[in-house]
Chemist: 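The structure follows.
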There are 2 protein chains.
Amino acid sequence: MQQAVQYQSGASTSGAAPETRYETILSASESVFAHSGYRGATMREIAERAGVAQGLIHYHFKTKEDLFEAMVARRSGHINDQRAHSLTLLFEEHENPTLESIVEALFRPTIVAGISQAGDGGAFARILVSTANSAGEWEQTLTEKYYDPIAHKYIAALVRIEPRLSRDNAVWAYMFAIGVGMTMMAKTGRAGRLSEGLCDDGDADIMLSKIVPFICAGIRALTD
Amino acid sequence: MQQAVQYQSGASTSGAAPETRYETILSASESVFAHSGYRGATMREIAERAGVAQGLIHYHFKTKEDLFEAMVARRSGHINDQRAHSLTLLFEEHENPTLESIVEALFRPTIVAGISQAGDGGAFARILVSTANSAGEWEQTLTEKYYDPIAHKYIAALVRIEPRLSRDNAVWAYMFAIGVGMTMMAKTGRAGRLSEGLCDDGDADIMLSKIVPFICAGIRALTD
DNA sequence: GTCTATAGTTCGATAGAC
DNA sequence: GTCTATCGAACTATAGAC
């Protein structure tokens, strides 16, 4: 009897689809890592959240570091596949896609995935923030492995459709765009607090209608 | 009579002035918290870095949480005083200050302070990123206490000089601006890696020349 | 104020039954 | 594959000498 390896992603806690214990642990770790950070999260809490014995996590993932990386790999793989696919489509369908369409292709998958996470919107985005913004060697290796490839694709797309954007400014533009997206997706509650409830981050289209024009105007300001 | 001069020349921020043990511990905690995060940092490591016994930290600061808050309070107080002062000056000297001058007043103190940190540029910025981007109750309380007041001042300044900017868009604009600044100040090495060394984040004026036009154009794109 | 020593807790990981 | 039980290490915080 083998495992039926069906990489059904999505994997939110609102379970219609049946999950293997392996996948249940991954989903549980996502919530706990997001809430407490890598170091603050404990294997005990993850096991409790997943409804399994603590020893089972070590059977499947060996160590805490490996569990974290497996969780990042599953989620980032799904989102970055969508991004790469959207980007390819854009250049197949148009000679010169608009900057707006490219920026939207960058953010829509993450925002939609974040919002569709039942109960814990922004969980994975918060993990990304703390990982990508760490200067630690391990964290930067993870970022390089799972996020630099798609970053290079977008930077190349930017210089292609905006010829007056120098390569270093394109890199800055990408970094800035990611930074803007982080504040939008992390859902810390600060925007709502500062605006006394005026700012709502629960609707993907509203969010994109703020973030896309902001970033596109910023990028164009960096062209020579 | 002064106290004995035998202070350990630990890794303090600016090398010359002698510090009390209290201040030495605060500076050491800044480095360690920045490198390992709040939970990853240990009192033993902070004590070692500061060149004092571990027990002394508890004598001065009682708990790890209190030490962290004292560290945030010292550093944020200094930077935010500069920001508030610059903002007041701008409105005293001009009827309508430019958007550029306001955005620069927001970022210059942090960037300059980050660069002038001997050896560990971006240390405090990285602490801010992980604190402000956490959804935890304690972290958001700290953000509210030490950073929301200056945020409200800047949001008010934005709506004052850009009357066509709605209040909720001003809040989004401020959040986005902070997000952009984070990627600039955290100094993770990613920009250099993605650009194969082209992007240099060591010069305050170069950094401001990228970040200020980007953010100002983004904000103007959110006006009606 | 500053130190040494340690109490009391919690963690990641392993061993072994089923 | 999954569970229970537990080991050894590392942590925060305290007690008490000086």
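Chain A is the first sequence line, chain B the second, and so forth, proteins listed ahead of strands; every chain is numbered from 1.
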Chemist: What is the distance, to the nearest angstrom, from the CZ atom on A:Arg39 to the C1' atom on C:dT10?
Modeler: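 Whole-Å distance recorded here is 16 Å.
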Chemist: Check the distance between D:dA5's P and A:Leu56's CG and give it to me in whole angstrom.
Modeler: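 From A:Leu56 CG to D:dA5 P: 17 Å.
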Chemist: Are OP1 or OP2 of C:dT2 and a side-chain N or O of B:Tyr59 less than 4.0 angstrom apart?
Modeler: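 Indeed not, no polar side-chain atom of B:Tyr59 lies that close.
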Chemist: Closest-nucleotide mapping onto DNA chain D: is A:Gln54 or B:His58 further toward the 5' terminus? I mean the 5' end.
Modeler: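 This one resolves to A:Gln54.
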Chemist: What integer distance in Å separates A:Phe61:CZ from D:dT2:P?
Modeler: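 Answer to the nearest Å: 11 Å.
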Chemist: Once the angle between the rings of B:Phe68 and B:Trp138 is folded into 0 to 90°, is it parallel (under 30°), tilted (30 to 60°) or perpendicular (over 60°)?
Modeler: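 B:Phe68 and B:Trp138: tilted rings.
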Chemist: Could you tell me the separation between the CZ atom of B:Phe33 and the P atom of D:dC11, rounded to a whole number of Å?
Modeler: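 B:Phe33 atom CZ is separated from D:dC11 atom P by 13 Å.
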Chemist: Please determine if A:Arg190 and B:Glu144 form a salt bridge, counting it only when a charged side-chain N lies under 4.0 Å from a carboxylate O.
Modeler: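 Answer for the salt bridge query: no.
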Chemist: Just to be sure I understand the rule, does B:Ala47 reach a base, reach only the sugar-phosphate, or reach nothing, if contact means heavy atoms closer than 4.0 Å?
Modeler: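 Answer is nothing: B:Ala47 stays at 4.0 Å or more from every strand.
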Chemist: Is a salt bridge present between A:Arg108 and A:Asp205, judged by a nitrogen-to-oxygen distance below 4.0 Å?
Modeler: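 Yes, this pair counts.
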Chemist: Nearest whole angstrom, please: distance from the C1' of C:dG1 to the CD1 of B:Ile25.
Modeler: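 Atom CD1 in B:Ile25 sits about 10 Å away from atom C1' in C:dG1.
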Chemist: Quick check: any donor-acceptor pair below 3.5 Å linking the side-chain of A:Arg44 to the base of C:dG12?
Modeler: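 Check passes, donor-acceptor contact within cut-off.
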Chemist: Could you state the CD-C1' distance from B:Glu48 to D:dC11, rounded to the nearest angstrom?
Modeler: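 Answer to the nearest Å: 15 Å.
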Chemist: If you assign each of A:Met43 and B:His60 to its closest nucleotide in DNA chain C, which residue comes earlier from the 5' end?
Modeler: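 Comparing both residues, the 5'-ward one is B:His60.
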Chemist: Of the nucleotides D:dT14, D:dT4, C:dG12, which one has an atom closest to the side chain of A:Ala53?
Modeler: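 Of D:dT14, D:dT4, C:dG12, D:dT4 is nearest to the side chain of A:Ala53.
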Chemist: Does NZ or CZ of A:Lys64 lie under 6.0 Å from the centre of the six-membered ring of A:Tyr38, at an angle within 45° of the ring axis?
Modeler: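 Judged by the rule (NZ or CZ under 6.0 Å from the ring centre, within 45° of its axis), A:Lys64 counts as positioned above A:Tyr38.
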Chemist: In this structure, how many angstroms lie between the P atom of D:dC3 and the CD1 atom of A:Ile57, rounded?
Modeler: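 Those two atoms, CD1 and P, are 10 Å apart.
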Chemist: A:Arg21 and side-chain contact (heavy atoms from CB on, under 4.5 Å): which partner among A:Val52, A:Ile57, A:Leu26?
Modeler: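 Looking at A:Val52, A:Ile57, A:Leu26, the match for A:Arg21 under the side-chain contact (heavy atoms from CB on, under 4.5 Å) is A:Val52.
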Chemist: B:Glu65 CD to D:dC11 P: how many Å, rounded?
Modeler: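 To the nearest whole Å, that distance equals 18 Å.
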Chemist: Quick check for you: among D:dC11, C:dC3, D:dC3, whose closest atom lies nearest to any side-chain atom of A:Arg21?
Modeler: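 Looking only at heavy atoms from C-beta outward on A:Arg21, the closest nucleotide is D:dC3.
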